[in-house]
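Some notes on the structure that comes next.
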Protein chains: 2
Amino acid sequence: MHHLDEIDIAILKHLQKNGRAQRNKLAKIVNLSVPSVSERMRKLEEKKLIDGYHAVLNAQKFNFDIVAFIFVEVDNSSYHGSFVEKVVLEPEVQECHSITGDGSHILKITTENTVSLEKLLSRIQSWEGVKKTRSNIVLSTFKQTREIPLDHQEKAVEV
Amino acid sequence: MHHLDEIDIAILKHLQKNGRAQRNKLAKIVNLSVPSVSERMRKLEEKKLIDGYHAVLNAQKFNFDIVAFIFVEVDNSSYHGSFVEKVVLEPEVQECHSITGDGSHILKITTENTVSLEKLLSRIQSWEGVKKTRSNIVLSTFKQTREIPLDHQEKAVEV
DNA sequence: GATGAAAATACGCATTG
DNA sequence: CAATGCGTATTTTCATC
């Protein structure tokens, strides 16, 4: 149980933007010694405040031209477990959430072209319990990040 | 103009999973010297195949308990520019895409609680051109990644 | 601050177009 | 023979103790 201070917040804010930032650079920014920054990073990771560090690739350059959101209605609960298992194994499915409202689940998918999209859709539709899907294809993306606003966190976070 | 080989793919696959992987570790994995790996990484970044490196934080631990997808109908084109400007400045909006189908845009948002959600929604609804919104709140997340499947890329990617 | 690890640099060699 | 890519050796930078 511990409280994050402004320095932790500053480190995290920076690591959200630059996940490969070196410890000495971070030390300059927060005006601390390198070992202190290292220790803070260790603790932040230990407390699982940091889920992971990832390189984000430019999907278009890899010929993944289609992004879509797919609403999936899954038959009540009985098939839910197997649905999730399938989802996890499908690399083109980047996200899967259960949601309130119409379709019981929303998937975010990335795929190469309309041919592969059609294949993916029919694969999804073949999964046990899948009753209906509705797709919204992304035309353009104006913003995409997983950054969390950390500006009023000093007072809030208890770990 | 250049072709990615299996070694580039292996490096990228690894960096997608571990964005802070050290160059000497990568060198071991792909059986190359450290300078060679560095040079490849430099080129991959230079070609903008890697968009960036980011620490992903555990939103729940920072009291961001609500994730939602919000469909927004924006008045045809005339207000579109200002809508995107607003979106970009709103830190709780993590994603904004224009899509085919019903609502013209889909937002993915993260916010602390129902109170802040309500505030965010009314802010969005106050933006010029916003005619209608529909929200789907995320109940649970089963998968969430931005990894791209890189298994058949050797033959495909031209840069 | 000292020690050790990791990365940047400089150079030569090999392969290829 | 110019260009590219790799490796070794060396220096410099970075991280741990």
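Throughout, a chain's letter reflects where its sequence line sits, starting with A, and its residues are numbered from 1.
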Who are the side chain to side chain donor-acceptor pair (under 3.5 Å) partners of [X], not counting sequence neighbours?
| X | answer |
| --- | --- |
| A:Gln16 | none |
| A:Arg20 | none |
| B:Asn113 | B:Ser116 |
| A:Gln60 | none |

For [X], check salt bridge (Lys or Arg N to Asp or Glu O under 4.0 Å) against everything at least two apart and list the hits.
| X | result |
| --- | --- |
| B:Lys13 | B:Asp151 |
| B:Lys131 | none |
| A:Lys132 | A:Glu73 |
| B:Lys17 | B:Glu147 |

Contact residues, residues 18-31 of chain B to DNA chain C [heavy atom, < 4.0 Å]: B:Gln22, B:Arg23, B:Asn24, B:Lys25
So if I take residues 36-46 of chain B and measure heavy-atom distances to DNA chain C, which residues fall below 4.0 Å? B:Ser38
Going by side-chain contact (heavy atoms from CB on, under 4.5 Å), name the residues that satisfy it together with A:Glu95, two or more places apart in sequence or in a different chain. A:His97, A:Lys108, B:Phe69, B:Glu95, B:Lys108, B:Gln144
Take atom NE2 of B:His3 and atom C1' of C:dT16, then tell me their distance rounded to the nearest Å. 16 Å
Separation of D:dG5 C1' from B:Asp5 CG (nearest whole Å): 10 Å
Classify B:Val34 by what it touches in the nucleic acid, base, sugar-phosphate, or nothing, heavy-atom distance under 4.0 Å. nothing
So, for A:Phe71 and A:His105, is the gap between ring centers shorter than 6.0 Å? no
All N/O contacts under 3.5 Å from nucleotides 13-15 of chain C to the protein, with atom names and distances to one decimal?
none

